[in-house]
Amino acid sequence: MKMKKVSSIILTAAILLATACSDNNTSSVNSQNSTVGNSSGGVTDNSTSSTDVENTPNEVDDTLPQCDPANLPLASSAFTRCVMMGDSGYYYKDWWQVDEESFSSGIVYYDNATGKSIPLCAKPQCMHDGNIFCAASSFDSEYDVLYNGYIYRLGYHTTETEYTIRLLRSDLQGNELSKVTDVHKGLLGDDGERPLIKSVVFHYGKMFLTVTGFLGGDDYGTSIYMTDLGIGENKTIQIAEKGKDIVRMFNDVCPFLTCDGDWLYYTTRDVKWDDTKIYNEQHMSYNRTVMYRYNLKSGQTEIIPAMPDIYSSFTVNNSIIYYTVADRKNNTFSLYSYDIAKDKTTTFAENITQEFVDGKYVSDNVKITVITDRKYLYVCTAGVSGSSSLKNTGDTDFYIYDFEGNQLLQGLPGTETLFDMEKEWSYSFFALDGEIYLNYQDGSDSSGDSDKNETSGMYTIKTEDLINGKTNWTKLYKAIN
């Protein structure tokens with residue numbers, strides 16, 4: 001079965017809320033060209049103007065790194081910050097005491113040898129107190145990603161009436177924090193409302209992100225932006241046009257992005273109701289999750305029609321899609337692969353029983369989630385982020401598979417005391433280059449003093465060691481969200 005081509009110049013998707021609000025993509029906005037600070041830890045502006053919205057060929061450097069699909073910051077996760085591993089330590093967001101009465105927060109560097117963390121700012125005698133010259137603390141970022149030798153920091157700059165989604169970049173020594181671009185700008189809502197950054201991916205020298213929610217005026221919608229990290233140019237990737245009489249639920253438009261090779265993958269959920277006054281599954285006459293992939297070089301979009309109508313999660317490696325299907329009625333899940341080139345679906349695991357299965361759709365948060373670090377497949381039965389307070393999470397479990405579908409391990413040996421259902425806890429699961437990272441937060445200590453909480457922290461172990469029976473997890477730093 002061959003790919004169905006969608007015209008390279010696709011109309012903006014008319015994506016509707018269940019409340020019948022329209023959902024339209026918006027143009028990129030020209031970047032501002034102001035300079036703040038200097039090269040001694042301040043913020044400089046390297047951005048250029050944005051381009052109009054169109055699906056045209058793009059300059060892509062495929063010698064630059066691909067994304068790490070099991071190490072993506074997601075708004076749907078309780079912990080939006082991914083693992084940033086350097087040569088001899090890690091970078092993460094933390095807070096510190098400035099003086100007797102005040103605290104500050106920003107990017108810090110954790111040294112493996114000493115176990116100590118320091119603010120990532122090389123400016124001499126800087127107080128690291130949020131001043132505009134401090135590379136560590138001058139920008140309150142929402143997402144931080146280490147990519148190709150730089151830490152990219154994405155967040156909001158707001159005034160009384162406007163918001164700007166801004167991308168900054170820091171070197172790994174904290175010498176400079178420079179502005180790459182302003183991705184999108186708009187007016188705040190009456191109550192200060194602004195859109196949500198839902199998914200962020202860095203791949204082949206580009207940043208891709210989904211922006212969804214309030215976009216100004218009466219406009220609620222979803223947009224996919226592509227930023228060239230080298231020149232700061234922004235484009236909007238137009239979401240494929242929906243079919244006749246199709247309604248797209250607001251939360252089901254591009255809930256997750258991932259990249260593989262020359263392609264960006266995203267989904268929409270298209271539905272029809274036989275009763276337009278009752279919006280529930282019992283009154284749906286059509287209900288399908290549609291997967292698209294956008295070619296980064298040609299600007300063309302394809303539909304992948306072989307995917308099932310409904311699935312819980314997906315990841316992609318080497319042009320093979322790995323996906324899970326949840327059966328909420330019978331509390332089972334299945335894992336499959338689909339080879340795009342060979343048009344071949346393979347069953348890896350079928351009808352695995354859990355105490356409780358949730359997350360029927362890709363947009364659901366607590367779902368049977370498959371991710372890959374391009375060395376292994378990992379399945380998290382309560383999502384990549386979960387907690388003991390969620391309904392029926394007594395069956396929180398993890399599986400590891402190879403790319404041939406062999407189950408290598410069930411569970412995470414050595415973490416039994418952490419996932420004690422008599423305690424309160426939350427976790428976020430990441431994998432990077434054959435190593436598992438588990439950010440664990442012990443919620444049983446209500447004092448608020450993190451220094452007294454000895455259990456919380458980022459834990460890590462090599463996947464191969466865990467498969468071979470080792471259980472000696474290494475505890476690193478305590479990261480904040």
Side-chain angles (χ1 to χ4, degrees), residues 1-15 23 25 53-62 66-67 69 72 198-199 201-210 222-228 235-244 246 248-249 252-271 286-325 336-346 361-363 370 372 374:
M1 186 181 301
K2 295 183 178 180
M3 294 295 146
K4 294 181 180 178
K5 293 286 184 180
V6 181
S7 172
S8 61
I9 302 179
I10 311 173
L11 294 176
T12 301
I15 307 162
D23 184 0
N25 291 315
V53 178
E54 57 183 346
N55 281 344
T56 55
N58 306 295
E59 292 292 330
V60 176
D61 187 352
D62 54 16
Q66 295 198 71
C67 71
L72 300 177
K198 188 157 53 174
S199 186
V201 182
F202 287 76
H203 181 87
Y204 280 178
K206 311 282 188 183
M207 178 185 71
F208 303 89
L209 70 153
T210 305
T222 299
S223 293
I224 304 175
Y225 291 96
M226 176 174 64
T227 297
D228 188 301
K235 286 186 177 181
T236 301
I237 299 173
Q238 294 184 358
I239 299 170
E241 184 182 10
K242 66 184 181 66
K244 183 180 179 181
I246 290 292
R248 284 181 174 162
M249 301 295 291
D252 293 321
V253 181
C254 308
F256 170 71
L257 300 179
T258 192
C259 289
D260 180 67
D262 292 341
W263 302 91
L264 168 75
Y265 293 79
Y266 68 91
T267 61
T268 64
R269 181 175 160 220
D270 297 352
V271 301
Y286 183 86
N287 183 8
R288 187 185 177 207
T289 299
V290 184
M291 180 177 288
Y292 301 90
R293 63 174 188 168
Y294 170 84
N295 190 284
L296 310 183
K297 295 179 178 178
S298 71
Q300 293 184 328
T301 299
E302 296 180 346
I303 294 176
I304 303 178
M307 295 294 290
D309 287 353
I310 298 173
Y311 44 99
S312 185
S313 71
F314 73 93
T315 189
V316 189
N317 183 60
N318 198 26
S319 295
I320 299 177
I321 303 169
Y322 302 91
Y323 62 95
T324 59
V325 176
Y336 306 95
S337 72
Y338 174 65
D339 189 315
I340 299 173
K342 297 180 180 178
D343 188 26
K344 180 182 179 182
T345 299
T346 303
Y361 302 103
V362 176
S363 59
V370 58
T372 182
R374 304 193 188 277

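Position 1 is the first residue of the sequence; numbering continues from there.
Side-chain contact of Thr258 with Asp260: a donor-acceptor pair under 3.5 Å is absent, judged by distance alone.
Closest of all the heavy-atom pairs between His203 and Gly261 is NE2-O, 2.7 Å. Minimum heavy-atom separation, Thr222 to Cys254: CG2-CB, 4.3 Å. The two residues Ile321 and Ile304 come nearest to each other via the heavy atoms CD1-CD1, 3.7 Å. The minimum heavy-atom distance between Cys259 and Cys67, with the atom names listed, is O-SG, 3.3 Å. The two residues Val271 and Asn287 come nearest to each other via the heavy atoms CG1-OD1, 3.6 Å. Residues Arg374 and Gln66 come closest through the heavy atom pair NH2-OE1, 3.6 Å.
One distance of note links CG of Asp252 with CG of Asp270; it measures 9.5 Å at 0.5 Å rounding. Going from atom OG of Ser312 over to atom OH of Tyr361 covers 11.0 Å, rounded to the nearest 0.5 Å. Here the NZ atom belonging to Lys235 is positioned 14.5 Å from the CD1 atom belonging to Ile224, to the nearest 0.5 angstrom. Annotation: the span from Tyr322 atom OH to Tyr338 atom OH amounts to 13.5 Å, rounded to 0.5 Å. In this structure, Met207 CE and Thr227 OG1 are separated by 4.0 Å, a value rounded to the nearest 0.5 Å. In this structure, OG1 on Thr289 lies 6.5 Å from CD1 on Ile310, to the nearest 0.5 angstrom.
Only one option out of Ile239, Thr267, Thr268 pairs with Tyr292 in a side-chain contact (heavy atoms from CB on, under 4.5 Å); it is Thr268.
Under the 4.5 Å side-chain criterion, counting only non-hydrogen atoms from C-beta, Lys206 is in contact with Asp228. In this structure, Thr301 and Tyr266 have side chains that are in contact, with non-hydrogen atoms separated by less than 4.5 Å. Within the 4.5 Å cutoff, the side chain of Val201 has no heavy atoms near those of the Leu264 side chain. The shortest side-chain heavy-atom distance between Met291 and Tyr311 falls under the 4.5 Å cut-off. Between Tyr336 and Pro308, every side-chain heavy-atom pair lies at or beyond the 4.5 Å cut-off. In this structure, Arg293 and Ile340 have side chains that are in contact, with non-hydrogen atoms separated by less than 4.5 Å. With contacts defined as side-chain heavy-atom distances shorter than 4.5 Å, the pair Val362/Arg269 does not qualify.
Remark: Phe314 pairs with Phe256 by the ring-ring contact (aromatic ring centres under 6.0 Å, His included) rule, at least two apart or across chains. For Tyr204, there are no ring-ring contact (aromatic ring centres under 6.0 Å, His included) partners at least two apart in sequence or on another chain. Every residue meeting the side-chain contact (heavy atoms from CB on, under 4.5 Å) condition with Asn295, not counting sequence neighbours, appears here in chain and number order: Asp262, Trp263, Lys297, Ser298.
Panel note: side chain Ser363, backbone Pro255; no donor-acceptor pair is recorded below 3.5 Å. Side-chain N or O atoms of Thr346 include none that pairs as donor or acceptor with a backbone N or O of Ser337 at under 3.5 Å.
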